[in-house]
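Got a structure for you, questions after.
Proteins get letters first, then strands, A, B, ... in listed order; numbering begins at 1 in each. These figures come from a predicted structure and were not determined experimentally.
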Amino acid sequence: MPLITNLKTKRSSLSIIAFVLLFLSCPLAVEGKKARHPFDLFNHEMHTAMFEGVVSCETCHADPASFTNRDKINRLGCHVCHNSDNPPLPASNDCSRCHPDGKIPKPEDHKADWKAKHQIFAKQNPESCAQCHSDSMFCINCHQRRDDVQEEMHRRNFRYVHSIEARANPRRCDACHSISYCQQCHSGKEDL
Amino acid sequence: MPRHPSVPLASGKRILFLFCGLFAVIPPVVFSPRVMADEIHLDASVAGQVREDDQSQRETPVNGYLGALFKDTESHFSTAADLRVFRDFNLRRDAFDLYQALIRWDPIDLLKLDFGRQFISQGFSTDIIDGIKMRIVPKGIVGFTLYAGVPRTVEEGDFNRDDGLLTGLSIGFKDVPRTNAQIHVSWRKEEVNGTGFGGNDEILAGANLSYQLSNSPRTLLYGLFEYDTTGQVINAGTAGVDLSVGRLFSLNTEFNYFNVNRDSERPSILEAFTEGPILSGRGAFTLTLVRRTLDFVSGYSYQWEEITSGTHRPGHLLDAGFEITFEEEGLLLSPGYYFRKSYGGTLHGVRALLHEQFTPRFYFSVAGDYAKYEKVTNHNGNAATLSLWTGYEVIKGLTLSAGWEMNRNVFFDNDVRGSFRIDYAFNHKFENKKK
């Protein structure tokens with residue numbers, strides 16, 4: 001490979017290599033089988049035969065409309081027996097056993113800016129979060145994990161605009177960063 | 001513009017030795033007939049990038065992440081470890097982070113013990129500590145959590161220096177319909193042997209409550225109160241309402257009060273930017289326009305900050321966008337707009353994400369962001385970024401990904417980066433474990 005000395009050529013070469021890798025990664029075969037809904041795996045007859053009188057119907061059918069519309073079934077009803085704090089019949093740690101292809105539906109309260117409000121509920125009842133997020137690394141990935149290769153928590157542009165956002169709400173920064181983090185770049189400056 | 005420095009903690013040879021050691025030890029332990037675990041989960045990820053800094057110096061940062069979980073149901077033991085190894089091969093910089101190394105033991109249903117380095121989200125803390133956490137869940141409606149250890153912060157540079165001491169207790173309801181409530185108390189010493197109770201020690205007391213008022217519409221009231229007894233300051237007060245109408249509309253509103261003890265020997269970023277409390281109001285909603293296909297999401301928060309004694313300034317944060325999902329086709333589109341305004345300046349930005357899961361094994365993702373800003377220092381400008389990623393699961397658990405990124409900003413006319421990522425996940429449950 002010839003020695004590349006020109007800066008522009010160097011950058012162009014990097015781009016070309018990246019594009020070639022992108023095209024080489026295209027698959028030839030298509031796998032199209034769609035994921036099944038977790039309820040498709042549920043054997044209602046077995047459950048009612050074994051647990052009638054032990055587990056009430058309301059565990060899953062809190063909403064009467066759910067008897068004819070499975071979208072209204074209490075999705076956490078399964079977790080009562082299989083994935084709670086002390087489940088009588090614990091499920092595997094492999095969530096894909098019931099949630100094929102890893103498509104786990106979000107609870108209703110995970111809408112309306114869940115990222116901003118989740119700290120109250122996470123500190124209140126961390127065991128509830130652990131039903132789906134059983135690995136503590138899930139929390140560490142946002143709060144503590146260092147990564148300057150991939151854009152995880154902040155956009156790549158954040159470095160150039162963070163002074164505006166930090167002044168808009170400095171308490172948000174405290175969730176993950178200590179003052180020494182700022183001082184590593186703004187060193188020797190009392191005023192940030 | 002300075003690149004954020006990595007913290008050199010170990011030589012390259014030591015890092016290499018550690019990695020080789022882990023991969024030499026783990027397979028024999030895992031596959032030994034004497035192994036205790038009946039569930040094994042391994043996650044390994046290596047991500048690297050080639051780029052140049054604003055001094056035209058080439059950087060080749062590589063992050064390696066390794067996570068392992070071993071679980072033995074019969075003995076009620078499980079262990080977990082998560083670490084990161086970093087090396088920039090051009091700049092010859094290394095770093096090592098150990099995020100978790102813990103042993104979990106559940107000897108009886110009523111007792112759960114965690115020993116070692118662990119992440120705790122309890123009371124007032126979201127910290128990594130080297131210590132112990134004990135959860136006691138007697139029959140009844142009350143549970144207890146105690147924890148104690150040395151807090152560790154990856155940004156502090158050296159995991160092994162004296163980081164003080166943190167202990168805490170949480171008492172809360174459990175299995176009470178529609179209600180979650182906890183009271184917390186914690187004691188943090190900045191220096192273990194330090195005196196000077198006011199600055200070196202931080203004793204916090206607080207309460208956290210939520211109550212679901214009704215099922216339809218689902219209405220949740222929640223509140224939080226945190227008080228610093230050593231500084232005699234209310235750290236946080238929150239009152240909020242969470243409302244869901246069917247699956248079509250979700251609304252959240254919240255009011256907050258934030259302050260901090262300014263005599264503490266553990267300064268915070270809030271303290272650096274303010275000399276008084278912050279009053280804040282926040283509202284957000286998600287509106288489902290087409291079920292399972294089109295959501296409109298928006299959130300706005302307003303802050304009234306005392307930046308110097310007697311001087312207040314507002315802060316605005318706004319995000320709005322669409323989330324478009326075509327589940328059958330594996331397509332996710334997420335265009336949006338964001339706005340920030342503070343005494344530091346004004347920012348307008350647009351972002352977009354497209355993620356296509358062509359097959360369960362093959363994905364493609366493109367993300368873009370453009371921001372236009374005006375700062376009070378008259379450093380005005382715009383910044384744009386575009387990134388592409390594509391990956392394929394070549395064998396079960398092993399995914400290879402390649403990425404390309406281009407950035408334009410005040411420092412770079414054309415910052416082009418090439419990236420790669422290798423992800424491996426191994427999960428196994430032994431059905432008939434031999435003793």
Side-chain angles (χ1 to χ4, degrees), chain A residues 7 11 14-15 17-19 21-22 25 27 30-32 34 86 92-94 101 108-109 111-113 116-117 120 122-126 136-137 139-140 143-150 155-157 160-161 163-171 173-174 177-182 184-185 192, chain B residues 2 4-5 39 47 49-50 61 63 67 82 99-100 109 119 121 126 128 153-156 180 182 208 222 224 242 244 250-252 258 267-270 272-273 284-286 299 303 315 317 340 342-345 347 359-360 362 369 371 373 383 385 390 392 402 404 407 409 416 418 427 429:
Chain A
L7 184 64
R11 284 183 175 164
L14 282 173
S15 310
I17 291 168
F19 269 121
L21 285 172
L22 273 172
S25 66
V30 174
E31 298 163 37
K34 302 300 176 193
N86 281 309
S92 162
N93 268 357
D94 181 11
D101 297 325
E108 281 304 305
D109 59 7
K111 295 183 178 178
D113 209 358
K117 67 186 180 189
I120 290 177
K123 289 178 182 177
Q124 198 178 74
N125 192 357
S136 293
M137 202 58 202
C139 309
I140 294 170
H143 283 274
Q144 296 275 356
R145 195 183 90 152
R146 294 200 285 181
D147 185 351
D148 65 350
V149 171
Q150 304 165 94
R155 306 172 299 277
R156 191 68 75 195
N157 292 337
Y160 310 102
V161 302
S163 60
I164 299 172
E165 194 157 329
R167 285 165 175 80
N169 190 348
R171 195 175 188 272
C173 309
D174 280 322
H177 299 295
S178 61
I179 192 70
S180 63
Y181 182 77
C182 312
Q184 285 178 37
C185 286
L192 292 178
Chain B
H4 204 280
E39 272 190 55
Q49 192 170 74
V50 180
N63 284 316
D82 286 278
Y99 300 112
Q100 278 194 126
D109 284 345
F119 181 82
S121 172
T126 47
I128 291 175
T153 308
V154 293
E155 296 170 345
E156 292 291 334
N180 274 305
Q182 292 223 3
N208 195 336
Y222 61 92
L224 169 83
D242 212 53
S244 290
S250 297
L251 174 71
N252 175 252
F258 299 122
S268 64
I269 297 172
L270 173 61
F273 281 100
F285 69 87
T286 300
Q303 284 70 234
L317 300 166
R340 309 282 186 258
S342 69
Y343 63 97
L347 163 69
T359 73
F362 175 53
D369 188 286
Y373 55 90
T385 180
T390 185
Y392 185 68
W404 172 90
N407 306 299
N409 46 62
V416 178
N427 301 292
K429 185 172 183 179

**Request:** State, to 0.1 Å, how close B:Phe285 and A:Ala112 come at their nearest heavy-atom pair, and which atoms those are.
**Result:**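 Closest approach of B:Phe285 to A:Ala112: CA-CB, 4.1 Å.
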**Request:** Assess the side chains of B:Asn252 and A:Asp113: does a donor N or O sit below 3.5 Å from an acceptor N or O?
**Result:**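 The answer is no; no qualifying pair exists.
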**Prompt:** Can you tell if the side chain of A:Cys182 reaches within under 4.5 Å of the side chain of B:Ile269, non-hydrogen atoms only?
**Reply:** yes
**Message:** I'd like to know which of A:Lys111, A:Arg171, A:His177 tops the heavy-atom pair count under 4.5 Å against chain B.
**Reply:** A:Arg171
**Asked** Out of curiosity, A:Ile164 CD1 to B:Ser342 OG, how far, rounded to the nearest 0.5 Å?
**Response**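 Reported value, rounded in 0.5 Å steps: 6.0 Å.
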**Prompt:** Using non-hydrogen atoms only, which part of B:Tyr222 is less than 4.5 Å away from chain A: side chain, backbone, both, or neither?
**Reply:**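 Contact with chain A is through the side chain of B:Tyr222 alone.
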**Value rounded to 0.5 Å, distance of OG1 in B:Thr126 from NZ in A:Lys123** =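 Reported value, rounded in 0.5 Å steps: 5.5 Å.
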**Message:** One thing to verify: whether A:Arg156 and B:Asp369 come together as a salt bridge, which I'm taking to mean a side-chain N less than 4.0 angstrom from a carboxylate O.
**Reply:**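 No salt bridge links B:Asp369 with A:Arg156.
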**Message:** A side-chain contact here means heavy atoms from C-beta on lying under 4.5 Å apart; do B:Leu317 and A:Glu165 qualify?
**Reply:** yes
**Prompt:** Can you check whether A:Asn169's main-chain N or O pairs, donor with acceptor, with B:Gln303's side chain at less than 3.5 Å?
**Reply:**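 No, the answer is negative, given that no donor and acceptor are paired below the 3.5 Å cut-off.
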**Request:** Kindly indicate whether the side chain of A:Ile140, heavy atoms from C-beta on, has any atom under 4.5 Å from the side chain of B:Asp82.
**Result:** no
**Message:** Is B:Leu251 close to chain A through its backbone or its side chain, or both, or neither, when contacts mean heavy atoms under 4.5 Å?
**Reply:**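 Looking at B:Leu251, just its backbone touches chain A.
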**Asked** From A:Tyr160 OH over to B:Thr385 OG1, what is the distance, rounded to the nearest 0.5 angstrom?
**Response** 9.0 Å
**Prompt:** Looking at CG of B:Asn63 and CZ of A:Arg146, how far apart are the two atoms once the value is rounded to the nearest 0.5 Å?
**Reply:**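 If we round to the nearest 0.5 Å, B:Asn63:CG and A:Arg146:CZ are 9.0 Å apart.
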**Asked** At a heavy-atom separation under 4.5 Å, does B:Asn180 approach chain A through its side chain, its backbone, both, or neither?
**Response** both
**Request:** Could you have a look at A:Gln150, A:His143, A:Arg145 and say which one has the most heavy-atom pairs with chain B under 4.5 angstrom?
**Result:** A:Arg145
**Message:** I'd like to know which of B:Gly315, B:Gly344, B:Ser121, B:Gly299 tops the heavy-atom pair count under 4.5 Å against chain A.
**Reply:** B:Ser121
**Request:** Could you tell me the separation between the CD atom of A:Gln144 and the CD atom of B:Gln100, rounded to the nearest 0.5 Å?
**Result:**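 Here the rounded value is 11.0 Å.
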